[in-house]
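These numbers were taken from a predicted model, which means no experiment stands behind them. Computed over heavy atoms, backbone and side chain alike; hydrogens, waters and symmetry mates excluded.
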Amino acid sequence: MNQRARIAMAEDEVTAFVAASRKLQLGTINPDGTPHLVTMFYGLTGGRISFWTYGKAQKARNIERDARVTCLIEAGEDYFDLRGVLLYGTARRIGDPEGVLGVGMDVTRRMAGTPSDEEALRGYVAETGRKRVAFVVEPVRVVSWDHRKLASPA
């Protein structure tokens, strides 16, 4: 078995890693073709990565023009602890206000941990979400690695 195959995560490991993380690097494509990279808190909507942002943000404008995105979720400080998931996909805009609110709730719950007052959280998200748009990432290809597997026998 080659080393690349040896460190790849199984599908259930990818799912668990994405569910346990809270932030990702989001890559979109600027009008001049250069990458635009930002750190985002994300939610999981129907098992898919989701995020929201202001409608006039560069990432939203980029996605409206070219919906291809790259999402990187990574962890680890030392080489033999590095883990990550690189997801290539298409960002699908959520157009209805309830859908935007739902993504906002998914993101905010993960940012805040498990809030004790769900109704207060909903009010906050509804207020802050008035100028936001939401996206769900439809995956096209997933690449993963877990260098902790290098310490174990092949």
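- Checking side-chain atoms of Arg93 against main-chain N and O of Ala67 turns up no donor-acceptor pair under 3.5 Å.
- The side chain to side chain contact (heavy atoms under 4.5 Å, CB included) test applied to Ala20 returns no partner, not counting sequence neighbours.
- Atom CZ of Phe41 has more than 12 heavy atoms from other residues, nucleotides or ligands within 6.0 Å.
- The two residues Ser50 and Val107 come nearest to each other via the heavy atoms O-CG2, 4.0 Å.
- Partners of Arg61 according to the side chain to side chain donor-acceptor pair (under 3.5 Å) rule, which considers only residues two or more places apart in sequence or in another chain, do not exist here.
- Evaluation of the salt bridge (Lys or Arg N to Asp or Glu O under 4.0 Å) test over residues 10-31, restricted to residues two or more places apart or in two chains, returns Glu13-Lys149.
- Under the rule for a salt bridge (charged side-chain N to carboxylate O under 4.0 Å, His left out), the partners of Arg122 that lie at least two apart in sequence or sit in another chain are Glu98.
- Every salt bridge (charged side-chain N to carboxylate O under 4.0 Å, His left out) that Glu138 has, sequence neighbours left out, goes to Arg48, Arg92.
- Checked against side chain to side chain contact (heavy atoms under 4.5 Å, CB included), Asn30 has the following partners two or more places apart in sequence or in another chain: Asp32, Thr34, His36, Gln58, Asn62.
- Within 6.0 Å of atom CZ in Arg65, more than 12 heavy atoms from other residues, nucleotides or ligands are found, so the atom counts as buried in its surroundings.
- A donor-acceptor pair shorter than 3.5 Å can be found between the side chains of Thr45 and Asp106.
- Pairs engaging residues 63-97 under the ring-ring contact (aromatic ring centres under 6.0 Å, His included) rule: Tyr79-His147 [sequence neighbours left out].
- Partners of Arg132 by salt bridge (charged side-chain N to carboxylate O under 4.0 Å, His left out), not counting sequence neighbours: none found.
- Other members of the hydrophobic cluster containing Leu24, listed by chain and number, are Met9, Val14, Phe17, Val18, Leu26, Val38, Met40, Tyr42, Leu44, Ile49, Phe51, Ile63, Val69, Ile73, Val85, Leu87, Val133, Phe135, Val137, Val142; membership follows side-chain contacts under 4.5 Å among ILVMFWY residues, whether direct or relayed.
- You'll find the side chain of Asn2 stays beyond 4.5 Å of the side chain of Arg6, heavy atoms only.
- Rounded to the nearest 0.5 angstrom, Thr28 OG1 and Glu64 CD are separated by 11.5 Å.
- We find the CH2-CG distance between Trp145 and Leu150 to be 13.5 Å, quoted to the nearest 0.5 Å.
- If you chain together hydrophobic residues whose side chains sit under 4.5 Å apart, Met111 and Tyr124 fall into the same group.
- Val140 shares a hydrophobic cluster with no other residue; no ILVMFWY side chain has heavy atoms under 4.5 Å from its own.
- Of all heavy-atom pairs between Ala60 and Gly55, the closest is CB-O, 3.6 Å.
- Here the closest non-hydrogen pair linking Glu77 and Asp81 is N-CB, 4.4 Å.
- To the nearest 0.5 Å, the span separating CG on Leu37 from NZ on Lys59 amounts to 11.0 Å.
- Residues meeting the salt bridge (charged side-chain N to carboxylate O under 4.0 Å, His left out) test with Arg130, sequence neighbours left out: Glu127.
- Cluster partners of Tyr54: none. The rule joins Ile, Leu, Val, Met, Phe, Trp and Tyr whenever side-chain heavy atoms lie under 4.5 Å apart, and it links nothing here.
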